[in-house]
Number of protein chains: 2
Amino acid sequence: MQRTTGNRPARSDRRADILDAAIDSFGTRGYYGTSLQKIATAVGLTKAGVLHYVASKEGLLELVLNDIYDSQTSHVTQSILQLDRPLISRYWRATVAVNAERPQLVHMFSTLSAEALDPHHPAHDYFEQREQATVSIALSTPWSAPAGVDCERLLRAGFSMMDGIQLRWLRTPGKDLNAMWADCEDVLFPLPLWDGYR
Amino acid sequence: MQRTTGNRPARSDRRADILDAAIDSFGTRGYYGTSLQKIATAVGLTKAGVLHYVASKEGLLELVLNDIYDSQTSHVTQSILQLDRPLISRYWRATVAVNAERPQLVHMFSTLSAEALDPHHPAHDYFEQREQATVSIALSTPWSAPAGVDCERLLRAGFSMMDGIQLRWLRTPGKDLNAMWADCEDVLFPLPLWDGYR
DNA sequence: GTCTATAGTCCGATAGAC
DNA sequence: GTCTATCGGACTATAGAC
């Protein structure tokens, strides 16, 4: 019911097409390497046509980042965090499982988060805040873990490992991210100690 | 003795200046976002002047990557690998210690390795081969480790973690990479088990 | 070894017709 | 909502003077 109103014939959703093309281009060429012309060509418009939807190149970037954050990141992980007995391993496994189904999105985030290390990058603040939010949520969760485990160290180490393993996954198209992460779990949660906690 | 021959007065080494400027620009803007014009301005030349040294933009990229690989990566790690009783933790600690002194280089490698996920990127093959070489060398080393440890899993997981921790280090200028890695070591080599092996 | 000049292409963005 | 046309500028690279 939220499709085009009135009696207009079914046609592609331009806005969604533009966002998809932008995700692709930001991932493969980065923000600076992306041109509105290429995106326009990809969706069958002219530059002016694209600018009608996104106002500017920075506007396109913000649109992509905000849309993604709102629709994807939150609700899957939140459901894990609110369990009676939240497990770090389950939390990460769920995150990885979601990412395994969205390689293009992971690709874009990997490329942009490296490019945005520079403080002048238009997405620099976004990635800084995102990292901070992710860590503070994880640190304030009452994890169920074996006695003596330093959860903060483990969380920071594990998030780092996830970034690296996703890069390797994207570099070798054939591999299964979930399987790669399963191997990582054996390192992060060694089994005599973590028996019953994963 | 390998400075400028003859009686020419001491002056800046143009080639080295160009490489330094290129490392900076490839790191902050990526390959596609880098222009020869900016590099030329940074070193006090014109575009044509820079092209005299590097032939082309791709030539500049190859120059930077090859120079780095030859001069930095090899000899520090090799000395560790050839010890009587090679320890994974010592190998990684040495690598991290070198990187901690070269943030701009780490920055460039982080940015380019994400950008080069795309098979069409001019550095794609370089990073693929580099990864393969690093892993195969590590896997063929007779590591000294506690019984029952799966070294291959540990190595792949640890290399991934190093990538991620270096990204976080670059994002927060104040932090000490060696200290951050020390925390990671506690996760990778948990202490009852790895006592005497790190 | 470094310059000027220029070719040829592409960029982001705007104005305005339909 | 999408177009054409256009602006001002940046880009890589080459040719040739000095």
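Predicted model only: the values in this text are computed from it and were never measured. Naming convention: chains lettered A, B, ... in sequence-line order (proteins, then strands); numbering from 1 in each chain.
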ask   = Does anything in residues 23-40 of chain B pair up under salt bridge (charged side-chain N to carboxylate O under 4.0 Å, His left out), and if so which pairs, sequence neighbours excluded?
value = none
Within residues 19-31 of chain A: residues closer than 4.0 Å to DNA chain C (heavy atoms) = none
inquiry  = With a 4.0 Å limit, can you tell me whether A/T46 has a side-chain N or O closer than that to the phosphate oxygens OP1/OP2 of D/dC3?
reply    = yes
[X]: which residues meet the salt bridge (charged side-chain N to carboxylate O under 4.0 Å, His left out) condition with it, sequence neighbours left out?
| X | answer |
| --- | --- |
| A/R153 | A/D150, B/D183, B/D186 |
| A/E128 | none |
| B/E152 | B/R156 |

query = Which pairs pass ring pair (Phe, Tyr, Trp, His ring centres under 6.0 Å) with one or both residues in residues 145-176 of chain A, sequence neighbours excluded?
reply = A/W92-A/F159
query = Can you pull the side-chain hydrogen bond (donor to acceptor under 3.5 Å, both in side chains) pairs that have at least one residue in residues 172-182 of chain B, sequence neighbours excluded?
reply = none
task = Sorted by first residue and then second, give each side-chain hydrogen bond (donor to acceptor under 3.5 Å, both in side chains) pair with at least one member in residues 105-114 of chain B; sequence neighbours left out.
result = none
Rounding to an integer number of Å, can you tell me how far [X] [atom1] sits from [N] [atom2]?
| X | N | atom1 | atom2 | result |
| --- | --- | --- | --- | --- |
| B/Y32 | C/dC10 | OH | C1' | 16 Å |
| B/H52 | C/dT4 | NE2 | P | 16 Å |
| B/L60 | D/dC11 | CG | P | 14 Å |

task = Test B/D163 against every option in A/R168, A/M161, A/Q166 by the side-chain contact (heavy atoms from CB on, under 4.5 Å) rule and name the one that passes.
result = A/R168
message = Can you build the contact string for nucleotides 11-17 of chain C? Use B for base contact, S for sugar-phosphate-only contact, and - for no protein heavy atom under 4.0 Å.
response = SBBBB--
